[in-house]
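As structure tokens, the structure follows; a few thoughts come after it.
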Amino acid sequence: MGTLSDGDLVPVERSGGYPTTEQTLATLAAALGGSGLAQAAEVFGELDVAMIGRTDEVRAVAGRLSELLTGLEAQKEDIVVALESLERLSTELAIRSDEVEGGVADLGPALQVLAQRRQRLVEATRAVDTVTATAGRVVEASGGDLRAGLESLDPVLQGLADSGDSLTESPRYLATFPFPLDTYRNAVRGDYANGTVILDLRLPVLDTALLIGTPFEGALALLDTILGVPAPPR
């Protein structure tokens, strides 16, 4: 601000005067008479009418609103971080607006193809629904048989588990049969081979080895029982 000296003049456009008492009262009358205060009074009156007889509901709403505001206050930092992330995303999208526009343009033909084949897609969806319903009915109808089959499979799986590593280790001996894989190099010496053969010709053993799983299973064991031939000592 400057300092006025003797003889300085203040331009009219930079001068003013205090409002007179008449102007102040006129402005106050206009504010109180026909503007915001009258509208506010009408709003408060309507709220008073609306809340008559609903004190409990209004109190419950106010309580929930307080809980909402409290939760928002507790999550203020997370909200700020989310808004900042949204701002960074908007900035990145603005930088790559050309790429986004290109992607949208490329997506247009694909959407057009989908629109053209809409009926086929609907029919395919209906067909899948029909297949699903049919499969559900089949499973429901054959549930007992399926359960029985799984229960019958249990002894087989138990037998495989009881066999340990015998089943997995036996194929490695096929290439050197009848000599064990671990000692086959010691079996053949020059023009001769060492070997031992043990034959168990007992009828129950033959029955188990040869006839198990056939219609004749148990025949040799039954014949051995009929003949009463004692088994040789081992």
Side-chain angles (χ1 to χ4, degrees), residues 1-2 11 13-14 16 27 30-31 33-154 156-157 160-161 165 167-168 171-172:
M1 297 179 60
E13 63 271 10
R14 299 190 62 183
T27 303
S35 61
L37 292 178
Q39 296 175 359
E42 183 178 357
V43 170
F44 288 128
E46 294 295 334
L47 287 175
D48 184 61
V49 173
M51 289 187 294
I52 293 177
R54 300 183 176 88
T55 306
D56 295 336
E57 290 82 352
V58 173
R59 186 179 294 109
V61 171
R64 294 178 182 175
L65 183 60
S66 176
E67 293 178 0
L68 174 61
L69 295 177
T70 303
L72 291 176
E73 178 65 23
Q75 300 179 9
K76 180 173 63 177
E77 295 182 0
D78 296 336
I79 295 174
V80 172
V81 172
L83 292 176
E84 292 176 351
S85 300
L86 183 60
E87 181 181 6
R88 289 193 296 269
L89 176 61
S90 301
T91 304
E92 189 69 20
L93 290 177
I95 295 175
R96 301 187 177 182
S97 58
D98 295 339
E99 299 179 7
V100 175
E101 292 177 0
V104 174
D106 294 338
L107 188 61
L111 296 177
Q112 185 177 1
V113 172
L114 290 177
Q116 294 173 353
R117 300 185 179 181
R118 176 178 176 275
Q119 186 61 33
R120 294 184 180 179
L121 293 174
V122 172
E123 293 175 356
T125 304
R126 291 175 178 173
V128 171
D129 182 67
T130 303
V131 171
T132 303
T134 303
R137 289 194 298 269
V138 170
V139 171
E140 183 178 358
S142 61
D145 296 337
L146 181 61
R147 189 179 299 107
L150 293 176
E151 291 176 354
S152 301
L153 188 62
D154 183 68
V156 177
L157 297 177
L160 290 175
D165 58 355
L167 182 62
T168 57
R172 60 194 294 263

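Everything numeric here is computed off the predicted structure, so don't read it as measured data.
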Can you confirm whether Glu101 sits close enough to Val104 that some side-chain heavy atom of one is under 4.5 Å from a side-chain heavy atom of the other? no

In Å, rounded to the nearest 0.5 Å, how long is the span from CD of Glu99 to CD of Glu92? 8.5 Å

CG-CG distance between Leu157 and Leu150, expressed to the nearest 0.5 angstrom: 9.5 Å

Strictly by modelled atom types, are Arg88 and Thr91 linked by a side-chain donor-acceptor pair under 3.5 Å? no

CZ (Arg120) and CZ (Arg118) are apart, to the nearest 0.5 Å, by 14.5 Å

So, Arg64 and Glu67, do they make that salt bridge, N to O below 4.0 Å? no

How about Glu57: does its CD atom have over 12 heavy atoms from other parts shown lying under 6.0 Å from it? yes

If you round to the nearest 0.5 Å, how far is CG of Leu72 from CD1 of Ile79? 5.0 Å

Using 0.5 Å steps for rounding, measure from the CG atom of Asp98 to the CZ atom of Arg96. 12.0 Å

With no hydrogens and no angle check, is any side-chain donor or acceptor of Ser66 less than 3.5 Å from a backbone partner on Ala62? no

Spacing of Arg137 atom CZ and Thr132 atom OG1 [to the nearest 0.5 Å]: 10.5 Å

Test: Asp129 and Arg126 ion pair at under 4.0 Å: no

